[in-house]
**Q** 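Input: one structure, supplied below.
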Amino acid sequence: MNEWAENGRAGYPRLHRVPQRLPERVKDSSIEEGKPLLRVLAGEAAWPSPLWLMRQAGRYLPEYRALRAEAPDFLSFCLTPELAIEASLQPVRRFGFDAAILFSDILLLPWALGYPVSFAEGIGPNLAPLDGRADLAKLDLARVPEMIEPVLQAIRGVRKALPPACALIGFAGGPFTLACYLVDGRGGEFERTRRMVREEPVFFAELIACLTQAVLGQLAAEAEAGAEALMVFDSWAGLLSPRLFRSFVIEPMATITAGLKARFPTLPLIGFPRLAGLNLEAYGQLAGVDCIALDSGADIVLARRLVSSSIVLQGNLDPFALLCGGQDMREEALGIGRAVRHHVHIFNLGHGVLPGTPVDHVFELIALWRGQK
Ligand code: CP3
């Protein structure tokens with residue numbers, strides 16, 4: 001049997017709409033050409049839509065838990081290319097997803113900037129809370145290329161090993177979300193960050209400007225190493241009021257997309273402004289992304305109306321529907337299917353796979369999605 005999952009699609013998806021901005025080569029009706037995920041990101045509708053899951057690698061997979069035991073801590077795991085390569089490939093091998101996402105973490109960037117970052121088992125990330133200009137001066141952009149070399153090696157290795165129809169997604173954290181972890185030092189309500197945004201706006205803007213350049217540099221390096229699409233996880237974007245969302249989510253993202261498009265004009269960019277709500281409209285107009293990943297709270301029909309049809313939507317099944325499975329999961333997934341049937345879409349969750357998710361639910365979801373007529 002093929003090493004790659006047999007439950008993959010039988011042939012490539014049917015295509016039914018070719019928007020104007022498609023480059024000539026993709027208009028070719030030979031559907032053997034190209035990776036489904038990349039073709040959809042270029043604006044070409046496919047049905048059933050290509051599918052991958054945020055946090056598709058990780059603790060819900062027994063093979064990940066076994067592999068994870070080979071490294072003393074999560075940071076060393078991410079920085080050992082053989083382990084990161086294998087963790088990226090595991091879910092593709094098991095489930096036949098249309099994309100692999102680089103196995104790494106958004107908090108590797110603060111670490112690469114010279115900031116101490118650790119992951120406490122069972123608790124989560126731990127950073128020395130950033131406080132004032134002396135700490136900001138510790139963030140050293142010049143170190144990043146050398147420090148992330150193991151991550152780039154992992155990208156090169158995954159690209160070589162992937163099956164031909166599977167695309168590789170590289171990623172980084174959004175500047176605001178990175179600032180949340182830097183300023184608060186850990187996950188939670190991010191109270192220090194939310195005060196700093198208002199009480200020290202000039203300083204906070206300097207921090208965001210520094211992180212924006214760092215994210216741009218990281219993503220450009222990932223693209224050069226072989227990532228075929230890039231995603232920016234701004235998981236805590238929804239904590240901001242519309243005014244601050246513009247300054248600290250949309251504007252930094254627009255700088256990042258402009259910088260990347262100047263160097264890699266055809267490289268697709270996915271933004272994940274989680275919990276953006278009605279700010280999605282401005283994000284779609286101004287951030288410059290090719291695709292918006294929707295969280296589970298976003299009504300995908302309304303989102304489609306708020307965002308230009310030239311932007312692909314990705315998402316947005318509730319990870320708890322996948323965790324619990326059964327009829328509820330089937331109804332939710334098929335409801336998304338009905339809503340996106342005639343749009344350019346990538347199937348995904350609205351946030352990451354939860355650690356307790358049964359592997360069988362993932363198999364069932366994939367069969368259900370790919371079995372749609
Ligand atoms: O499969 C994939 O999606 C690729 C790997 C990936 C990880 N983290 C692995 C990871 C990706 C894309 C991320 C992104 C990430 N990391 C985000 C943005 C997306 C989101 O979930 O909102 C954020 C906010 C982080 C920060 C982070 N890393 C937290 C809060 C935690 C602890 C909570 C948790 O889920 O354990 C991590 C650790 C982490 N990152 C783990 C994994 C697999 C668990 C650590 C382990 O396996 O020991």
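Numbering starts at 1 and runs along the sequence shown. Numbering of ligands and ligand atoms starts at 1, following listing order.
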**Q** Note every protein N or O atom lying under 3.5 Å from an N or O atom of ligand 1, pairing the names and giving the distance.
**A**
| residue | atom | partner | partner atom | Å |
| --- | --- | --- | --- | --- |
| ligand 1 | 1 (O) | Gln56 | N | 3.3 |
| ligand 1 | 1 (O) | Ala57 | N | 3.1 |
| ligand 1 | 3 (O) | Arg55 | N | 2.7 |
| ligand 1 | 8 (N) | Arg55 | NE | 3.2 |
| ligand 1 | 8 (N) | Asp105 | OD1 | 3.0 |
| ligand 1 | 16 (N) | Asp105 | OD1 | 3.0 |
| ligand 1 | 16 (N) | Asp105 | OD2 | 3.4 |
| ligand 1 | 21 (O) | His351 | NE2 | 3.2 |
| ligand 1 | 22 (O) | Ser235 | OG | 2.6 |
| ligand 1 | 22 (O) | His351 | NE2 | 2.6 |
| ligand 1 | 28 (N) | Asp105 | OD1 | 2.7 |
| ligand 1 | 28 (N) | Asp105 | OD2 | 3.4 |
| ligand 1 | 35 (O) | Arg55 | NH1 | 2.9 |
| ligand 1 | 35 (O) | Arg59 | NH2 | 3.0 |
| ligand 1 | 36 (O) | Arg59 | NH1 | 3.3 |
| ligand 1 | 36 (O) | Arg59 | NH2 | 2.6 |
| ligand 1 | 40 (N) | Asp105 | OD1 | 2.6 |
| ligand 1 | 47 (O) | Tyr64 | OH | 2.6 |
| ligand 1 | 48 (O) | Arg68 | NE | 2.9 |
| ligand 1 | 48 (O) | Arg68 | NH2 | 3.4 |

**Q** Do the ring centers of Tyr64 and Phe77 come within less than 6.0 Å of each other?
**A**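 Yes, ring centres under 6.0 Å apart.
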**Q** For Asp105 and Trp111, run side-chain contact (heavy atoms from CB on, under 4.5 Å): C-alpha distance rounded to whole Å, both residues' side-chain angles, the deciding distance at 0.1 Å, then the answer.
**A** CA-CA 10 Å; Asp105 196 88; Trp111 171 84; over 6 Å; no
**Q** Classify the angle between the aromatic ring planes of Trp236 and Phe190 as parallel (below 30°), tilted (30 to 60°) or perpendicular (above 60°).
**A**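 Ring orientation, 0 to 90° scale: tilted.
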**Q** Taking the six-membered ring for Trp and the full ring for Phe, Tyr or His, determine whether the centres of Phe272 and Phe171 are under 6.0 Å apart.
**A**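 Ring centroids of Phe272 and Phe171 are no less than 6.0 Å from each other.
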**Q** Can Asp98 and Arg370 be counted as an ion pair, charged N to O under 4.0 angstrom?
**A**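 Here Asp98 pairs with Arg370 in a salt bridge, since their nearest N and O are under 4.0 Å apart.
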**Q** Would you confirm whether Ser76, through its side chain, and Ala71, through its main-chain N or O, come within 3.5 Å as a donor-acceptor pair?
**A**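 Flag not set: sc Ser76 to bb Ala71 has no pair under 3.5 Å.
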